[in-house]
Trainee: 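One structure follows; several queries about it will come next.
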Amino acid sequence: ATAEDAIDGVRNIIADGSVDMSTVGTYEIGYTAEDLSGNSTRVVRTVNVSELNTNFSAYSPGVVSTTIYGTHWTLENSPYIVSGELQVAPGVDFIIDPGVVVKFADENSYILINNAKLIAEGTATDKIYFTSIKDDAVGGDVNEDGNVTAPAAGDWRGIYIAGMSANYSSSFSNVVIQYAGASSYPALHVSNQEISIEDSIVTNNSVMGFYQLRTTWGGALGATNISGTEISNNQYGIYFDAHVLNVSNSNIHDNSIYGAYATQNRVLYGQNNFWGDATGPFNQALNLDGLGNSVTDNIIFDPWLTTTP
């Protein structure tokens with residue numbers, strides 16, 4: 001930048017300070033100009049970075065379709081409505097408090113987290129819900145249609161997490177993800193990233209409850225861990241094509257095609273889970289008498305639990 005001096009003409013302006021657009025706060029930027037005699041003038045400007053408000057108490061299609069630059073969703077402002085793509089900017093921590101309900105407006109609505117972190121950690125009494133706009137059981141009748149509509153698998157698309165660094169490992173605890181899977185998308189899709197899921201429920205989604213992928217250029221990451229979680233009433237409970245997945249102490253049942261499916265050359269460690277029946281999961285080679293959900297050969301499922309954890 002430059003400034004015009006009455007005697008010395010155009011002079012350069014030196015700026016100091018910076019603004020972090022991903023962090024809420026107040027920042028000061030200084031601008032200094034000096035003439036040829038050494039006289040200087042400095043002006044300070046204040047820049048405020050505020051939290052993006054994406055909460056709406058009523059259904060407003062198309063409004064919540066934006067990019068988040070650092071935000072924190074609270075129970076006080078719940079429920080939150082997502083319409084279209086809601087993207088979390090790279091490097092951002094997106095925090096959702098216990099008890100928050102997130103509803104998705106239609107089959108084109110989803111959350112995209114790319115090289116960022118989603119921290120959704122509820123409690124046993126205040127779970128976090130990701131659900132359909134038609135789901136009146138949690139968060140109320142947001143679309144204000146009474147009993148005209150009811151939630152169903154495939155009402156919204158899903159949650160997509162992608163990244164290339166363990167620095168952005170997302171975490172889910174006491175979370176419910178339901179009625180997703182529009183256009184055959186997984187309810188929770190993780191690509192080239194590790195996450196943790198604890199004490200949660202992934203249910204009533206149209207195709208895959210949980211899908212993890214590692215591409216050939218994705219590099220090696222640490223293990224993803226799922227524990228104490230119910231995965232039910234999807235076509236595929238778990239579809240695994242990644243690095244390392246540990247599933248334990250979970251209840252995987254009533255998934256219509258596979259409880260767990262691991263692609264060739266991948267190994268899923270799935271010991272100490274309940275598969276819907278005391279006889280364990282069905283596997284053509286390893287447990288022909290199993291009456292629980294089916295699993296592929298490259299899943300280590302023995303020993304299994306004979307009752308729900």
Side-chain angles (χ1 to χ4, degrees), residues 51-68 71-88 94-113 118 120-161 172 174-189 200-211 229-237 254-256:
E51 183 173 310
L52 179 66
N53 179 14
T54 56
N55 169 66
F56 297 87
S57 60
Y59 174 40
S60 302
V63 175
V64 189
S65 180
T66 186
T67 300
I68 292 176
T71 194
H72 183 179
W73 283 4
T74 63
L75 179 60
E76 180 183 7
N77 292 319
S78 179
Y80 292 83
I81 312 303
V82 175
S83 181
E85 177 187 280
L86 180 62
Q87 183 177 158
V88 181
F94 177 26
I95 301 171
I96 301 179
D97 280 353
V100 167
V101 175
V102 183
K103 295 194 175 189
F104 295 80
D106 54 33
E107 65 276 7
N108 296 313
S109 300
Y110 62 99
I111 293 177
L112 172 62
I113 299 162
L118 172 58
E121 297 179 350
T123 67
T125 55
D126 290 303
K127 296 184 182 298
I128 296 169
Y129 284 83
F130 297 91
T131 189
S132 167
I133 190 77
K134 301 172 185 177
D135 183 4
D136 298 344
V138 290
D141 183 13
V142 176
N143 59 351
E144 298 180 345
D145 69 346
N147 296 322
V148 173
T149 58
D155 276 353
W156 58 286
R157 189 172 297 182
I159 301 169
Y160 180 39
I161 300 174
F172 296 79
N174 286 289
V175 164
V176 179
I177 304 173
Q178 57 190 8
Y179 306 123
S183 303
S184 299
Y185 279 84
L188 180 56
H189 181 172
S200 294
I201 300 172
V202 182
T203 188
N204 291 315
N205 302 291
S206 63
V207 183
M208 303 174 197
F210 174 76
Y211 173 54
T229 292
E230 179 181 357
I231 303 175
S232 64
N233 294 294
N234 314 283
Q235 291 184 26
Y236 293 82
D254 290 303
N255 298 286
S256 60

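All values reported here derive from a predicted model rather than from experimental measurement.
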Trainee: Do Thr149 and Asn143 make a side-chain contact, defined as non-hydrogen atoms from C-beta onward lying under 4.5 Å apart?
Mentor: yes
Trainee: Hey, are the side chains of Val88 and Phe94 touching, using non-hydrogen atoms and a 4.5 Å cut-off?
Mentor: yes
Trainee: If I compare all heavy atoms of Gly99 with all of Ser78, which pair ends up nearest, and what's the gap?
Mentor: O-OG, 4.2 Å
Trainee: Restricting to non-hydrogen atoms, name the atom on Gly158 and the atom on Ala180 that form the minimum distance, rounded to 0.1 Å.
Mentor: CA-CB, 4.2 Å
Trainee: Is any side-chain heavy atom of Ile159 closer than 4.5 Å to a side-chain heavy atom of Ile177?
Mentor: yes
Trainee: Do the ring planes of Phe104 and Phe130 sit parallel (below 30°), tilted (30 to 60°) or perpendicular (above 60°)?
Mentor: tilted
Trainee: Nearest 0.5 Å, please: how far is OH in Tyr179 from NZ in Lys103?
Mentor: 10.5 Å
Trainee: When you look at Tyr80 and Ile96, which way does the side chain to side chain contact (heavy atoms under 4.5 Å, CB included) test go after all the steps?
Mentor: CA-CA 11 Å; Tyr80 292 83; Ile96 301 179; over 6 Å; no
Trainee: Can you tell if the side chain of Asp106 reaches within under 4.5 Å of the side chain of Ile133, non-hydrogen atoms only?
Mentor: no
Trainee: Any sub-3.5 Å donor-acceptor pair from Thr203's side-chain atoms to Ser232's backbone N or O?
Mentor: yes
Trainee: Testing the basics here: between Gln235 and Ser256, what is the closest heavy-atom pair and its distance to 0.1 Å?
Mentor: CA-OG, 3.3 Å
Trainee: Could you go through the side chain to side chain donor-acceptor pair (under 3.5 Å) check for Ser200 and Thr229 one step at a time?
Mentor: CA-CA 5 Å; Ser200 294; Thr229 292; 4.7 Å; no
Trainee: How long is the straight-line distance from CG of Asn174 back to CG of Asp126, given to the nearest 0.5 Å?
Mentor: 9.5 Å
Trainee: Show your reasoning for whether side chain to side chain contact (heavy atoms under 4.5 Å, CB included) applies to Val202 and Leu188.
Mentor: CA-CA 9 Å; Val202 182; Leu188 180 56; 5.7 Å; no
Trainee: Would you give the length of the straight line joining atom OG1 of Thr123 to atom CD1 of Ile128, rounded to the nearest 0.5 angstrom?
Mentor: 8.5 Å
Trainee: Can you sort out the partners of Ser183 under side-chain contact (heavy atoms from CB on, under 4.5 Å), two or more places apart, ordered by chain and number?
Mentor: Tyr185
Trainee: Where is the tightest heavy-atom contact between Pro151 and Asp135, given as atom of each residue plus distance?
Mentor: CG-CA, 3.9 Å
Trainee: For Tyr110, what residues pass the side chain to side chain donor-acceptor pair (under 3.5 Å) criterion, not counting sequence neighbours?
Mentor: Glu85
Trainee: Could I get the full list of side chain to side chain donor-acceptor pair (under 3.5 Å) partners for Asn234, not counting sequence neighbours?
Mentor: Asn205, Asn255
Trainee: With a 3.5 Å distance limit and no angle check, can you tell me whether Trp156 reaches the backbone of Gln178 through a side-chain donor-acceptor pair?
Mentor: yes
Trainee: Hey, could you give me the CG/CG distance between Asp136 and Asp141, rounded to the nearest 0.5 Å?
Mentor: 4.0 Å
Trainee: Would you indicate whether the side-chain heavy atoms of Ile161 and Phe172 approach each other to under 4.5 Å?
Mentor: yes
Trainee: If we check side chain to side chain contact (heavy atoms under 4.5 Å, CB included) with Leu86, which of these qualifies: Ile113, Ile111, Leu112?
Mentor: Ile111
Trainee: Walk me through whether Thr74 and Asn77 qualify under side chain to side chain donor-acceptor pair (under 3.5 Å).
Mentor: CA-CA 6 Å; Thr74 63; Asn77 292 319; 3.3 Å; yes
Trainee: For Asp155, enumerate each residue passing the salt bridge (charged side-chain N to carboxylate O under 4.0 Å, His left out) test, keeping only those at least two apart in sequence or located in another chain.
Mentor: Lys134
Trainee: Residues in ring-ring contact (aromatic ring centres under 6.0 Å, His included) with Tyr211, at least two apart?
Mentor: His189, Tyr239
Trainee: Mind checking side chain to side chain donor-acceptor pair (under 3.5 Å) for Ser206 and listing every partner two or more places apart, or none if nothing turns up?
Mentor: none
Trainee: Looking at every non-hydrogen atom in both residues, tell me the closest pair between Ala105 and Ser109 and how far apart they are.
Mentor: N-OG, 3.6 Å
Trainee: Given side chains that start at C-beta, do those of Thr131 and Val176 come closer than 4.5 Å, heavy atoms only?
Mentor: no
